[in-house]
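Start at 1 and go down the list; that is how both ligands and their atoms are numbered. Hydrogens, waters and symmetry mates play no part in the numbers below; they use all other heavy atoms, side chains included. In this text the structure is predicted, and so the values were computed from the model without any measurement.
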Amino acid sequence: MSEDYQRLLDSTIDHLQSLKARGTRFLSIETDTLALLQNVAPTRVAAPAPARPVAPERIFSAETPIIAPAAPVIVEIPIGPILSREEKEVAMAELRAKAMVCEKCPHLARTRKNVVFGVGDIHSPLMFVGEAPGADEDAQGEPFVGAAGQLLTKMIVAMGFTRDSVYIANILKCRPDTPGQTYGNRKPTPEEMNTCLPYVQTQIDIIKPKAIVGLGATAIEGFFGKGAGITRMRGKFLTYRGIPFMPTFHPAYLLRNQANTEKRKVWEDLLQVMETLGVTISDKQRGYFLKS
Ligand code: URA
């Protein structure tokens, strides 16, 4: 399979997954096109490949049910989890092993204390993604353990989850270096995030959560490129790799701005995520941060 073909196939899969996440159940497709796709698709599911876990034949399978024989043919797209629990664990362990020795950014590999891969339940329906480890995370090898992380943990508990029952990761797996500085953090550059992006993309593909919460402007830019800005983008679901993706403010922002109005904005974003996950929401939870 040529690289161009593989790239085209990947974008088609992304597009189909995003349609499915937005509720599309059926797709119109010409009979000839369907026949062509069935010819190029391999005939059996390949062994799990972390970099591209969605095998094309899962989308255009030979058994794809044709719902309406009249033209245009309507095809239901069976996009679902394709890795068993064991396969997920193997795939994630392999990915972790690769990340732990990664030197794609030599300046970061030289200065890091630890690679901060990700933590939590890889079978969770809920994933949080931030930008990059800070000094605390670098020291402990775990994302979101500093002050912002402690607030994130409280937010997770308020949603009815525990830190262990969700998955937490960053786009960048190494702490951005701060040459000449003895304290403080710096934002990851777009180049650094781009270089590291395949790791978090593969984490998402392996976990296949039912919802992702993107924390802060930098993370949102890392995933979607420069957009309307977090203030305009937060609170509205996007789709990333076929998964509903909620952009919201970074917990560090809430530490700097402790107004209940700002906490309420983040909380409303999280309430939407809880609704998407189908978790029970109490009246008490619905009312958090309403009083100023
Ligand atoms: N901020 C992030 O975006 N990630 C962390 O892990 C810690 C702080």
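A cation-pi contact links Lys104 to Tyr199, judged by a cut-off of 6.0 Å to the six-membered ring centre and 45° from its axis.
For Gly134, no nitrogen or oxygen atom sits less than 3.5 Å from a nitrogen or oxygen atom of ligand 1, counting backbone and side chain alike.
In Ala252, neither the side chain nor the backbone holds a heavy atom less than 4.0 Å from any atom of ligand 1. Under 4.0 angstrom from ligand 1, the non-hydrogen atoms of Glu131 come from both its backbone and its side chain.
Within the 4.0 Å heavy-atom cutoff, Ala148 does not count among the residues contacting ligand 1.
With atom 4 (N) of ligand 1 as the reference point, the heavy atom nearest to it among Thr218, Asn170, Val119 is part of Asn170.
Residue Pro143 has at least one heavy-atom neighbour below 4.0 Å for each of these atoms of ligand 1: 6 (O). Against a heavy-atom cut-off of under 4.0 Å, Gly130 is close to the following atoms of ligand 1: 3 (O).
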Show the numbers, then the answer: is there a side chain to side chain contact (heavy atoms under 4.5 Å, CB included) between Val145 and Glu137?
CA-CA 6 Å; Val145 291; Glu137 290 76 20; 4.0 Å; yes

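Looking only at protein heavy atoms, the nearest one to atom 1 (N) of ligand 1 is His250 NE2, 3.1 Å.
The shortest non-hydrogen separation linking Leu172 to Cys196 is CD1-CB, 3.7 Å. Closest non-hydrogen pair, Trp267 versus Ala158, comes out as CH2-O, 3.4 Å.
Taken to the nearest 0.5 Å, the CZ atom of Phe289 stands 6.5 Å off from the CG atom of Asn260.
Between Phe128 and Phe144, the distance separating the two ring centers is not shorter than 6.0 angstrom.
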